Each structure stands twice: as structure tokens, then as C-alpha cells.
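Every value quoted in this text rests on a predicted model; they were computed, and no experiment measured them. Atoms within a ligand are numbered from 1 in the order they appear, just like the ligands themselves.
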Amino acid sequence: MKSLIKYIQELPERQFSRLKNLERNVEPRIDLNKVVKKSLSEVTLFGDLNYSKFLNENSYPRRYFFKFVPYHLGSAFTSIIALPAVLVKTVYSIFKSIFGMPKSSSEERIDTILSSLCDLGTALSLIVKGVCLGISKCFLAPFRDIAKIVQERKNKKAFPKGKIAFIGIDLQKTFVEGGNLAVSEEKDVVTPAIELINHAAKKGYLTVLTQDWHGKSHKSFAINSGFKPYTTVRMSGLANQMLWPVHAMQGTKEAGFIDGLPLEKIDFVIKKGFDDQVDSYGAFFDNGGIHQTALHELLQGYNISTIVAFGIATDYCVLNTVKQAHDLGYKVILVEDACRSVANNTRDSALETMRTLGVEIVNAQEILDGRKF
Ligand code: VGL
Ligand code: ZN
């Protein structure tokens, strides 16, 4: 009995020290490799991207090609152009030493010829080196550059600054002009999204993109059910599933990220919506709340407590991601003017729902000004 009373008396202190320990535990507790392996199909860890995948997904070579290749090839060709000049000079010196120096001894002539040949050898080796370096740089530099970027990101993000993560939701071609499920875009969504990502990367905050990633038999595609797009049905036990035009189909160009996003500044890509039987608007769980992506684990590993959310669509994937984040205990800031919606009425009710939850709704400029952090 005595020890029980003592225990109860000490309880607040015990709790307190437990909390203190938790607070002190500020270093990432996560084994990123484990997370990535665990759900390899869903999360792409920037540092682990393999080069060919990186090249494919980022059209890096094209950008690289026009920037560096002419430069390196130029230096290779400069060396090649030097070749005839060096040859002419050597042949001239040899001729001069044989025919133009009648008074000199044969020993002197041989000396001059040999030194000309040595000069020729040195010049040739420099030329060959120049050509080889120039050409090899053309082919190797993209890989070296990528390796450098990857290393920089790894170093920097080992301990991201602050406890803030910027999450760009479904910023994919399929959801903007020209895409199959283009949202209403009275204003450009790409520019503020790019600015937010640049801002986050500059400040050293964690950056994540989510990617809707459906198989061709996905049940949310109207074509797979026989109903018209934009009708609401019951799907896999879940009410109110909207049927959509085919969108964000795995591996298609449409499912790729919108051109111009600085993908090299993104730390993680979370893919969602694999399960053909259930839709997945939120980036943390599918709509049935059954399957969990690696996002929460990743954010926890980095001790993230605040999420800055933006992207597409305010009334579906943004709303659900924000709701799930809120339920998981994150403080959520929604950047309203960096979001676009499927429809105005659902956008308004989505914003109202988020406001009621206590989500802070801001404009991109307030973040970019550094007013918040
Ligand atoms: C989304 C509808 C269907 C979204 C995704 O990203 O908001 N909306 N799939
Ligand atoms: Zn979808």
C-alpha cells in the first residue's frame, strides 16, 4: 500500500521525465533505409534515386545538354584545332634544322630534330588529353552533377532545420490544363508552388511531393464501372465515391509532375492510389483508412510537427491530406493561393471544414516574406 501511494505521488514526476526524454530526443529516430525498403513502391527517397530513374523523371539531360555539352565539346575541339598548328610547327623546325642551318654540325641538327620531336610529343599528349577530357566530361558530368546534388541533399536533410515540412500535393500534369482531370485554373498554381518549394529548400525545410498513381483498372475510373464520370457511387463498401475520368495512370506522361517544378529540391515523393479497389485522396491513408503510406513515419523520423500544404485539388486530395495530418496531430498551414480545386462549391466547403479544424489558412506571400518562418 505504501509503495502504491509513493508511486501515485511520484506519477506526475515520472510523466514529466518521460516527456522530457521525448523532447530531448530531437534527432531523427528513423532508419530511412528501412522505411524505403518497407514501402519501396510508394516512397522515393531522393538520395536513393538511381541515376537512370532520375534522368527519366527529371528530363535533366535535356537541360544539361544545352547548358554544358557545347562548352565541353568546345574545349575538346579547341584542342583538335591546335593539332595542325603543332604539326606544321614541328615539320617546319625539322626542315629548318636540315636545310636552313648549313653551318651547323650533324650533331646539332640531330639535337634540334630530337627537341622538335619532343615538343611534338608533348603537344600531342596535351591535345589527346584535352580531347579525351572534353568528351568524357560531356558524358560523365551529368552523372557527377547528379551525384553532387544527391550528396548535398543527403548532407543537408540529415537534420532538416526546424520541424516544418512543405508538402506539395498531386502537382501533376493530369490535373492542370491539357490534363484529363484538369482543375479550374483561373490563376496559375505552378508559380506559387515553385516559389514555395524554392523557399523551403533555401531554408533547409523538408520538401515532399505526393503523386496520384493509379493502375489502369482503378475502380475510381468511370470507364471501369460503366457509369459516367462525375457520378457518385458506392465503392468497396465506401459511400460517395466520385467516378473520375482516367487520370494519373502509372507510368504515363500525364502522371508526371508539372513541368518547371524544381524536382531536384524535393526530398521525398510519396505515391498513392495503387490499390485498384479503393481510392486514396489523402497522402497518409487510403479513403478506407486501411492502408497507410510511409509519409507519417517519414515525418515522424524527422521530428516534423508542422506541415505547410498546397497543391491540387483543394476539395479532394488537399482536403483529405490536411484532415489526416490534423488527425495525426500535426499543425497544418494551408497555402490557399497555391491550391486549385475541382469545383468552386466543394472548394468553399473544403476551406470551411479546414478552418473549423483549426487549420491556418495563409497566402503564399506570407510564407515567402519569411513572416511565419
Ligand atoms: C484527385 C480526384 C481523383 C486529387 C485525385 O488529386 O485531388 N482528385 N484523384
Ligand atoms: Zn486519383
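Of the possible polar contacts, none joining the S93 side chain to the S116 backbone as a donor-acceptor pair under 3.5 Å is found. In this structure, N198 contributes its side chain and K265 its backbone to no donor-acceptor pair below 3.5 Å. A distance-only check finds no donor-acceptor pair linking the side chain of T210 to the backbone of K271 [under 3.5 Å]. Between the side chain of Q250 and the backbone N or O of W213 there is at least one donor-acceptor pair closer than 3.5 Å.
A tilted orientation is assigned to the rings of H199 and F166, their planes being inclined by 30° to 60°. Aromatic ring orientation, Y230 versus W244: perpendicular (interplanar angle above 60°, classes split at 30° and 60°).
For ligand 1 and A313, the ligand atoms under 4.0 Å from any heavy atom of the residue are 4 (C), 6 (O), 7 (O). Heavy-atom contacts of Y316 reach the following atoms of ligand 1: 7 (O), 8 (N) (cutoff under 4.0 Å). Proximity to D170 (heavy-atom distance under 4.0 Å) selects the following atoms of ligand 1: 4 (C), 6 (O).
What sits closest to atom 1 (C) of ligand 1 on the protein, heavy atoms only, is C317 SG, 3.2 Å. Ranking protein heavy atoms by distance to atom 5 (C) of ligand 1, first place goes to D212 OD2, 3.0 Å.
Between the side chains of D212 and H247, at least one donor N or O lies within less than 3.5 Å of an accepting N or O.
With a 4.0 Å cut-off on non-hydrogen atoms, V342 does not touch ligand 1 at all. Only the side chain of H247 comes within 4.0 Å of ligand 1, judged by heavy-atom distances.
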Full working for side-chain hydrogen bond (donor to acceptor under 3.5 Å, both in side chains) between S280 and D286: CA-CA 4 Å; S280 193; D286 65 28; 5.9 Å; no

Residues H296, Y330; criterion ring-ring contact (aromatic ring centres under 6.0 Å, His included); working and verdict: CA-CA 10 Å; H296 182 46; Y330 294 96; 5.6 Å; yes

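Protein N/O/S atoms closer than 2.8 Å to the Zn ion (ligand 2), listed by chain and residue number, are D212 OD2, H214 NE2, H247 NE2.
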